Every structure is written in C-alpha cells, then in structure tokens.
Protein chains: 2
Amino acid sequence: MARRVHQGSVYNKERTKKKLIDAVGRILIREGFQNIKVNKIAAVSGLSKKLIYNYFGGLEGLIKAYLEQVDFWKIEEQKLDNGGKSALPEISKDFMFQLLRDDFEYLYESAEMQKIVLWGISVKNKTLRELSDEREELGKRVFEKADAFFENSQVDFRATVAILVSSIYYMVLHAKTSGSRMCGIDVSTKEGKERVLKALERLIGQTYKYAGYAL
Amino acid sequence: MARRVHQGSVYNKERTKKKLIDAVGRILIREGFQNIKVNKIAAVSGLSKKLIYNYFGGLEGLIKAYLEQVDFWKIEEQKLDNGGKSALPEISKDFMFQLLRDDFEYLYESAEMQKIVLWGISVKNKTLRELSDEREELGKRVFEKADAFFENSQVDFRATVAILVSSIYYMVLHAKTSGSRMCGIDVSTKEGKERVLKALERLIGQTYKYAGYAL
DNA sequence: AATAAAAGTAACCATCTGGTGATAATTTAA
DNA sequence: TTAAATTATCACCAGATGGTTACTTTTATT
C-alpha cells in the first residue's frame with residue numbers, strides 16, 4: 001500500500017493548494033474580484049483548473065479559502081491587545097485618532113485590502129459577510145469601553161466612528177480608482193492626505209470636547 | 001429617392017436607441033455594471049445586438065450614451081440655483097446639513113445611483129470620470145463661497161465636507177450590499193439612519209462653532 | 001404601386017466560460 | 001523494483017461571449 005500524503009518535489013498537494021490560493025490573490029489585486037475565474041486561475045498558477053474542483057470543490061470553495069487566510073483584522077487585533085496583554089488601552093482621543101490614521105495608511109498602501117473592501121460592497125457573499133462580522137466583533141471591545149466612556153454625554157460615539165471610518169474607506173477607493181478629487185481634495189497627494197487627516201483629528205477632538213472630556 | 005429618417009410605428013431609430021439605453025439602465029440596477037453585456041442588452045430590450053454596433057459603435061458607446069443621459073447632479077443643481085435664480089443661498093450649517101441629508105436620502109432610495117457610485121470606484125472609465133468631474137464642478141460654487149466664509153478660521157471646510165460626503169456614500173453602499181452593521185450601526189433601520197444623521201448634524205454644528213460661527 | 005433607402009433580424013463565427021472523464025506522472029510502501 | 005494510491009494534466013463538452021455578414025421588413029418618395 002502507498003502512503004496517504006505525497007510530499008515530493010513535483011507532486012505536493014498542500015503546496016499546490018497554496019499556489020491556487022496565491023493566484024486568487026494576485027488576480028484580485030491586478031484585475032479585481034470580477035476576474036477571478038477558474039481558467040484565469042489555472043493560467044496564472046500554471047496548474048490545471050481541475051485541481052480547483054478536486055481540492056476546493058469549485059471556485060467558490062477556493063475563494064472562501066482565500067478569504068479565510070486573509071488576516072487584515074488579526075494584525076489590528078494585536079495592536080488592540082497591546083502586545084500580548086489583553087488589557088485594552090484607554091479610549092482616548094489620541095488612541096482613536098491613531099486607530100483611524102493607521103486604518104487610512106494601511107488601506108491606502110494595500111491594494112489587496114482595497115479590492116476586498118470594494119468586493120464587500122459590490123456583491124453579497126457569505127464569506128465576505130463573515131469577514132465583515134469578524135471585524136465588527138473586533139471593534140466590539142473598543143466600543144463597549146467607549147460606550148461607558150460616553151454614557152452620559154450627548155455624543156453618539158458609535159455613529160461618529162462609523163462616519164469617520166466609512167469616509168476613509170470611500171475616499172481611498174475613490175482616489176485609487178477614479179483618481180479625481182472630492183470636494184477639491186485629492187488624498188493621493190501628500191497635501192490632500194494631510195488635510196483629511198487633520199480634519200479627522202479635529203472632528204475627533206471636538207467629539208471628545210463636546211462630551212466634556214479634554215482628553 | 002426615399003426620405004432620410006424613418007418614423008414608422010415599427011421602424012424608428014431614435015426610439016430604438018432609447019430602448020437600448022433604457023435596457024442598460026435596467027440591467028445596471030438589477031445586476032450591476034459587470035453584467036452590462038451586448039447579448040444581455042439584446043435580450044432585455046428585445047432588439048438585435050447588431051443595433052448596438054450600428055447606432056453606438058459598440059458597447060462602450062452605448063454605455064457612454066447611457067451615462068451621459070443620467071442627470072443626478074442636474075437635479076441638485078436646480079436646488080442650488082434656488083429655483084431659477086442663480087443667487088446661492090447662505091452656506092449656513094443648516095444649509096450644509098440639508099445638502100448632506102438630501103444626498104443621503106436620495107442615494108439611499110436610488111438603486112441606480114448606488115450602482116453608478118459603485119461603478120465609479122470600481123473601474124477607470126473616461127465617462128464616469130467626467131461625471132465625477134462634473135459633480136466637482138457643481139460643488140465648486142458652494143466651496144468658493146464657503147472658502148471665504150472659513151477663511152480666517154482653523155477649519156478646513158473642504159476636507160470636512162469630503163469626509164462627511166464620503167461617509168454617506170460608503171455607509172449606504174455597505175448597508176445596501178453587505179447588509180451588515182458598521183460599528184454596531186445599521187443605517188437600513190430607521191433608528192440607525194437617525195443616529196447617523198444626528199451625528200452628521202452634530203459634526204457640522206461643531207465645525208461651524210469651532211470656526212467661530214454660531215450659525 | 002414601384003422602388004430605393006433605412007431599420008432591423010437571424011444565423012453564424014471564433015473565442016472564452018465553467019465543468020468533467022480519461023489518462024499520465026510521481027510518490028511511497030511493500 | 002514494482003504496484004497502487006495520490007497528484008496532476010489534457011482533451012473535451014455545452015453554453016455564453018463579442019462581433020459580423022447576409023438577409024428581410026418597413027418606410028417614404030415618386
């Protein structure tokens with residue numbers, strides 16, 4: 001009888017699966033989710049498309065596998081955990097601004113994340129929805145702490161952060177794709193980005209001030 | 001010799017062109033820009049796809065014709081013109097909030113506009129770019145007036161409005177497609193929408209206050 | 001009513017799509 | 001070294017794709 005798993009230099013299931021997943025990522029970045037198709041994956045990976053069906057049960061399964069190994073939010077989680085400790089830092093205005101600023105910078109630099117964010121607002125997809133929910137779950141701890149913080153204030157902290165995060169998403173996608181301005185501002189220039197970040201910082205600052213905190 | 005243009009009840013060029021353009025709109029709303037294809041247009045319109053090539057030189061030309069007859073911003077222009085008069089109303093915080101609120105409501109209700117906004121951040125397209133620039137041009141007058149208004153303040157009005165408008169776009173698209181929450185808020189519920197609008201109003205109000213205006 | 005231009009269709013083509021069944025190459029265990 | 005299980009490819013299928021060519025129907029004029 002032969003052994004179960006092959007680990008040879010030519011035939012290697014796990015390595016091949018990874019190659020297929022990687023091909024999905026490369027196509028996504030270069031051409032967007034609309035162009036993730038079995039024939040293209042086969043061409044890009046240099047493998048037979050049959051393997052997509054053998055190993056993932058079809059394109060959907062492969063896409064699911066790809067999305068599940070994307071770990072944007074896990075990186076953020078580490079930050080929240082403050083390097084291993086599970087103690088959440090104070091939800092100060094500086095902390096919030098840092099969070100938003102990092103979000104902005106990261107999304108701006110990551111073509112992959114841009115495509116995934118776009119994907120998420122383009123089609124209904126179970127795995128993408130799960131990814132979105134996962135992210136919500138991640139923010140939950142921050143918001144629970146913040147809810148207490150803003151409890152007796154006139155500020156709707158969640159609504160405010162939803163606005164600011166959303167704006168970052170849209171502005172980056174708009175700048176990266178259309179290349180045109182928004183209200184006369186182009187965030188793909190250093191000056192435009194600084195203006196937006198500064199405005200974000202002011203809005204957060206005023207939100208805290210309005211709530212009665214000088215933090 | 002026969003006449004140039006046919007206007008019969010069966011053969012009618014202009015009417016047919018309109019039918020093709022309408023088909024593009026219907027497909028866009030139902031299935032998104034990715035599914036605007038010659039065969040589908042032919043099926044939806046009940047016409048031969050050959051006509052797309054005859055009358056518009058191809059799919060691109062038809063799509064261009066479709067986009068050019070979309071007049072979202074023209075509606076807004078009327079509002080700015082205050083019913084024929086070209087005098088621009090005062091750029092008060094109430095005026096700005098109304099503008100944003102209307103933007104929100106309109107986008108939220110118009111599946112067509114949602115698809116076009118999404119289209120604009122999904123692919124590079126000359127006509128879409130022109131549409132975006134046209135919109136910028138429309139806002140120009142408001143901003144020029146506002147620039148003077150906020151000249152000696154610490155407020156970057158353009159950056160602030162860019163943030164607020166962008167957030168509306170993203171939140172609506174996110175809610176309509178993904179259906180999931182953002183920071184715990186679901187703008188497709190009445191409660192969620194009210195929270196976001198209220199937060200927008202507060203942010204605008206504070207922006208004016210920060211600039212030294214109690215308007 | 002005849003006719004030529006204009007308007008519109010249907011059939012076809014090459015290419016690309018997702019998906020499968022037969023077959024070949026590699027690997028490992030006996 | 002050989003044989004069977006695993007890994008992988010290739011050739012093929014039916015259907016959809018964009019695009020064209022040959023053709024028919026309607027219309028307006030004479």
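No experiment lies behind these values; they were computed from the predicted model shown. Below, chains carry the letters A, B, ... as their sequence lines are ordered, and counting in each starts from 1.
Rounded to an integer number of Å, the gap from NZ of B:K13 to C1' of C:dG8 is 12 Å. Nucleotide D:dG19 holds its P atom 15 Å from the CG atom of B:L51, rounded to whole Å. For the pair A:E60 CD and C:dG18 P, the computed distance is 13 Å after rounding to whole Å. Between A:K37 atom NZ and D:dA16 atom C1' the separation is 11 Å, expressed in whole Å. If you measure from atom CD1 of B:I52 to atom C1' of D:dT17, you get 13 Å, rounded to the nearest angstrom. One can place CG of A:L20 at 13 Å from C1' of D:dT9, the figure rounded to the nearest angstrom. Atom pair B:R15:CZ and C:dA7:P shows a separation of 12 Å (rounding to whole Å applied). Counting to the nearest Å, the C1' atom of C:dA7 and the CZ atom of B:R4 are 15 Å from each other.
Each of A:K50 and A:I36 has a nearest nucleotide on DNA chain C; the 5'-most of these lies closest to A:I36. Mapping B:G58 and A:E14 onto DNA chain D via the closest heavy atom, the residue that lands nearer the 5' end is A:E14. Residue-to-nucleotide proximity on DNA chain D shows that, of B:K49 and A:G46, the 5′-proximal contact is made by A:G46.
Ring orientation note: the planes of B:Y169 and A:Y170 are nearly perpendicular, at an angle over 60° on the 30°/60° scale.
Comparing C:dT20, D:dT26, C:dT27 by their closest approach to the side chain of B:H6 singles out D:dT26. For A:V38, the side-chain atoms get nearest to C:dG18 when compared with the rest of D:dT17, D:dT9, C:dG18.
One finds no side-chain N or O of A:T16 lying less than 4.0 angstrom from the OP1 or OP2 phosphate oxygen of D:dT7. Contact annotation: B:N39 side-chain N/O to D:dG18 OP1/OP2 distance is under 4.0 Å. Put simply, A:S48 has no side-chain N or O that comes within less than 4.0 Å of OP1 or OP2 on D:dT7. Side-chain N/O atoms of A:N12 include none lying less than 4.0 angstrom from OP1 or OP2 on D:dT7. Distances shorter than 4.0 Å separate none of the side-chain N or O atoms of A:Y53 from OP1 or OP2 on C:dG21. Neither OP1 nor OP2 of C:dT26 sits under 4.0 Å from any side-chain N or O of A:S9.
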side-chain contact (heavy atoms from CB on, under 4.5 Å) between B:V165 and B:L99, worked out | CA-CA 10 Å; B:V165 170; B:L99 235 49; over 6 Å; no
For the pair A:T177 and A:Q114, evaluate side-chain contact (heavy atoms from CB on, under 4.5 Å) and give the outcome as yes or no after the intermediate values.
-> CA-CA 10 Å; A:T177 310; A:Q114 287 156 25; over 6 Å; no
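Side-chain N/O atoms of A:Y11 and base N/O atoms of C:dT27 include no donor-acceptor pair closer than 3.5 Å.
The pair A:R26-A:D22 does not meet the salt-bridge criterion, since no charged nitrogen lies less than 4.0 angstrom from a carboxylate oxygen. A salt bridge links A:K64 and A:E68; the closest N-O separation between the charged side-chain nitrogens and carboxylate oxygens is under 4.0 Å.
Taking OG1 of B:T207 as the reference point, atom CZ of B:R202 lies at 9.5 Å (rounded to 0.5 Å).
Within 4.0 Å (heavy atoms only), B:L59 reaches no atom of the nucleic acid at all.
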